[in-house]
Amino acid sequence: FPTRRSSDLPIVCVGESLAEREAGKTMDVVKRQLAAVIHLNGHCISEIAVAYEPVWAIGTGRTATPEQAQDVHAMLRAQLKAATAHSERVQILYGGSMNAANAAELLSQPDIDGGLIGGASLKAADFLQIIAAAAR
């Protein structure tokens, strides 16, 4: 991470709607979204975190499979690598309804650096299980 405090770190969320996923447009949509951010902030792109947050998973309890999430994260990583010499500084998080039941499998994927935890953070026991999964 950059030298700034994590509380000052902008998190850029990208993600597709259910209709876009079902139409096979996930990669195009997410790539276009990150490209806009890179275009506007190219000089400091290594000072952000990116979260893949599929819109269809927000608050629905649905989540991408680990393989689906990994595919998107790998594409985001490649796009960032092409955009900046400091792409290794950019953490890529998964934010689509990560919870105690799926955190370990999602976090075991090679391009998922962490989670952007929503509702699961409100349940202490569940949140502790997610933290434990991240520590492994």
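Only this structure's heavy atoms are used, side chains among them; waters, hydrogens and symmetry mates stay out.
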At what distance, to the nearest 0.5 angstrom, does [atom1] of [X] lie from [atom2] of [Y]?
X: Ser87; Y: Ile38; atom1: OG; atom2: CD1; value: 10.0 Å
X: Met98; Y: Glu105; atom1: CE; atom2: CD; value: 11.0 Å
X: His39; Y: Ile45; atom1: NE2; atom2: CD1; value: 12.0 Å
X: Glu53; Y: Ile11; atom1: CD; atom2: CD1; value: 9.5 Å
X: Asp8; Y: Glu47; atom1: CG; atom2: CD; value: 11.0 Å

Given side chains that start at C-beta, do those of [X] and [Y] come closer than 4.5 Å, heavy atoms only?
X: Thr63; Y: Leu106; value: yes
X: Val50; Y: Leu80; value: yes
X: Tyr94; Y: Pro54; value: yes
X: Leu93; Y: Ile112; value: no
X: Val30; Y: Glu16; value: yes
X: Glu88; Y: Lys81; value: no

Can you see which heavy atom on [X] is nearest to which on [Y], and at what distance?
X: Ala100; Y: Asp126; answer: CB-O, 3.8 Å
X: Ala64; Y: Ala69; answer: CB-N, 4.1 Å
X: Ile48; Y: Val90; answer: O-CG1, 3.7 Å
X: Lys31; Y: Gln79; answer: O-NE2, 2.9 Å
X: Cys13; Y: Leu116; answer: SG-CD2, 3.9 Å
X: Ile130; Y: Ala120; answer: CD1-CB, 3.7 Å

With clusters defined by side-chain heavy atoms of hydrophobic residues (ILVMFWY) lying less than 4.5 Å apart, directly or transitively, does [Y] cluster with [X]?
X: Ile92; Y: Leu107; answer: yes
X: Ile131; Y: Ile117; answer: yes
X: Val14; Y: Val55; answer: no
X: Met27; Y: Val12; answer: yes

Is there a donor in the side chain of Ser17 and an acceptor in the side chain of Glu20, or the other way round, less than 3.5 Å apart?
yes

Judged by atom type as modelled, is there a donor-acceptor pair below 3.5 Å linking the side chain of [X] to the main-chain atoms of [Y]?
X: Ser97; Y: Ala57; value: yes
X: Gln68; Y: Thr65; value: yes
X: Asn41; Y: Cys44; value: no

Filter on salt bridge (Lys or Arg N to Asp or Glu O under 4.0 Å), then keep only pairs touching residues 57-78, sequence neighbours left out; what's left?
Arg77-Asp111, Arg77-Asp113

Students often mix this up, so state it plainly: with edges at 30° and 60°, are the rings of His73 and Tyr52 parallel, tilted or perpendicular?
perpendicular

